[in-house]
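Reviewing the structure listed below.
Numbers here are sequence positions counted from 1.
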Amino acid sequence: MDKPTISAAFSACFAAAPALVVRAPGRINLIGEHTDYNGGLVLPAAIDKAIWLAATPRNDGRFVFFAADLAEYFDSDTDGMGLQASKKWANYLLGVISEARRDGLALGGMNLAFGGDIPLGAGLSSSAALESGMAYALDHLNALGLGKMDLVRLAQRGENNFVGMQCGIMDMFASVMGKAGQVLRLDCRDLAFEYFPFQSEDYCLLLLDSGVKHQLVDSEYNTRRSECEAGVEALRRHAPGIGALRDVSLDMLARHAADLPPVVQRRCRYVVEEMARVEAACAALQAGDFEALGGIMYAGHAGLDAQYEVCVAETNFLVEQARRLGAAGARQMGGGFGGCTINLLKKKDLDMVTEKMSAAYKQAFGLGLVAYPVRIADGVEEGGGWKVEGGGWKVEGGTYVLCHFLGCP
Ligand code: GLA
């Protein structure tokens with residue numbers, strides 16, 4: 001998908017050119033999983049896979065959406081503006097509208113076509129990308145004058161309050177705030193953030209999509225969140241100042257272990273350790289020590305598996321194989337129960353690892369493995385060209401142009 005393709009889909013649907021085209025990227029997360037809703041640290045980045053939205057305002061207050069990849073329509077006149085059971089994709093758009101209205105923002109209607117290349121259910125936050133892109137489109141078409149943080153909040157509230165998934169803020173934050181070639185160290189307690197360059201001559205990132213999409217992911221996610229809250233509740237009896245697991249140390253957990261059911265102990269321990277791993281990963285990045293960073297990723301995966309219990313046999317297998325093939329690091333990424341693993345490996349090993357992993361995965365599970373080498377890209381923006389890490393490439397209308405030679409910004 002690119003600007004010309006989504007513009008053409010829009011024109012075919014609505015018999016006019018779009019007034020606005022938005023590129024809203026998916027995200028990766030190097031480390032810091034399930035820490036965002038515990039007031040902790042995360043290390044995500046926006047990527048060169050995105051949802052593209054083409055839109056034009058309507059003056060009759062009606063919302064008409066076209067999901068280009070599914071060839072499905074939504075029309076507020078016939079479908080209403082409530083939660084959609086059959087067109088689940090529409091809920092992500094309606095949630096953002098509903099929250100904008102709740103803020104008293106004056107919205108006109110809209111014709112919208114969207115589509116993209118973020119694989120669904122792979123842990124790359126296609127829904128957050130759609131929500132962030134919608135927030136951006138509403139802002140621009142209605143001249144609301146919102147700031148980037150307002151877009152992040154609208155997108156998250158749409159998901160929490162309308163779709164009903166109690167996700168943290170990481171995904172939307174990365175989709176909106178991402179910068180080419182940089183990962184974001186975000187403190188989810190006060191939303192302070194810093195960019196860290198992720199650039200290496202030798203190492204690259206590879207996503208391996210297990211193809212496993214767990215039906216229970218949303219309910220299990222909400223359960224994990226309640227377990228963490230139960231831990232905080234119990235510890236607060238000893239230390240009333242605790243607001244979230246961010247304020248809890250391993251020491252404190254050990255001292256009050258008797259007050260926490262074993263499962264809550266495991267969840268809390270994982271989160272506290274994972275927050276320390278983000279700090280350690282930032283230090284490794286600053287030192288340019290990618291092998292150390294990789295070791296932290298493996299440790300994160302072990303915690304996700306044994307303590308947080310959100311891994312599946314397929315992703316465990318992929319991480320073990322990555323280790324066997326000499327990858328610096330690998331771990332399951334995102335909410336859990338399948339989706340992608342993120343692998344940090346030497347560029348020279350990329351083809352070898354992809355081939356061997358695919359063969360081993362097929363043999364073990366009878367499943368095809370889709371591999372996505374990813375690059376770190378800019379956050380949500382009006383469509384056109386966009387930058388990716390390395391600064392060497394700019395994409396215009398699907399054609400790759402080498403900027404080094406042409407002097408693009
Ligand atoms: C999902 C959620 C995020 C975050 C991750 C786990 O992607 O949407 O907010 O909690 O899971 O780190």
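The aromatic rings of H34 and Y221 sit tilted, their planes meeting at an angle between 30° and 60°.
For the pair N160 (side chain) and M165 (backbone), a donor-acceptor distance under 3.5 Å is present. Judged purely by atom type and a 3.5 angstrom limit, R375 has no side-chain atom pairing as donor or acceptor with the backbone of L205. Judged by distance alone, the side chain of D209 and the main-chain N or O of C340 form no donor-acceptor pair under 3.5 Å. Side-chain atoms of D305 do not come within 3.5 Å of backbone N or O of H301 as any donor-acceptor pair. R331 places no side-chain N or O within 3.5 Å of a backbone atom of A302 that could act as its donor or acceptor partner. Looking only at distances, no side-chain donor or acceptor of N38 sits under 3.5 Å from a matching main-chain atom of G40. With hydrogens and angles ignored, the 3.5 Å screen pairs a side-chain donor or acceptor of D187 with a backbone N or O of R189.
Taking the ring pair (Phe, Tyr, Trp, His ring centres under 6.0 Å) definition, one finds that Y73 meets it with F66, sequence neighbours left out. Every residue was checked against the salt bridge (Lys or Arg N to Asp or Glu O under 4.0 Å) condition with E131, not counting sequence neighbours, and none meets it. Not counting sequence neighbours, the partners of F365 by the ring pair (Phe, Tyr, Trp, His ring centres under 6.0 Å) test are F317, Y361.
Side-chain polar atoms of S125 and R27 form a donor-acceptor pair below 3.5 angstrom. Counted by atom type alone, T315 and Q332 present one or more donor-acceptor pairs between their side chains at under 3.5 Å. With hydrogens and angles left out, the side-chain atoms of N111 and R58 include a donor and acceptor closer than 3.5 Å. No hydrogens or angles considered: nothing links the side chains of T354 and D351 as a donor-acceptor pair under 3.5 Å. Checking D79 against Q84 by side-chain atom types alone, no donor-acceptor pair falls below 3.5 Å.
Stacking of R266 on the aromatic ring of Y308 is not recorded, the 6.0 Å distance cut-off and the 45° axial limit not both being met.
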Q: Please report the C-alpha distance between F65 and Y92 in whole Å, then the side-chain angles of each, then the deciding distance to 0.1 Å, and finally whether the ring pair (Phe, Tyr, Trp, His ring centres under 6.0 Å) criterion is met.
A: CA-CA 12 Å; F65 307 143; Y92 300 111; over 10 Å; no
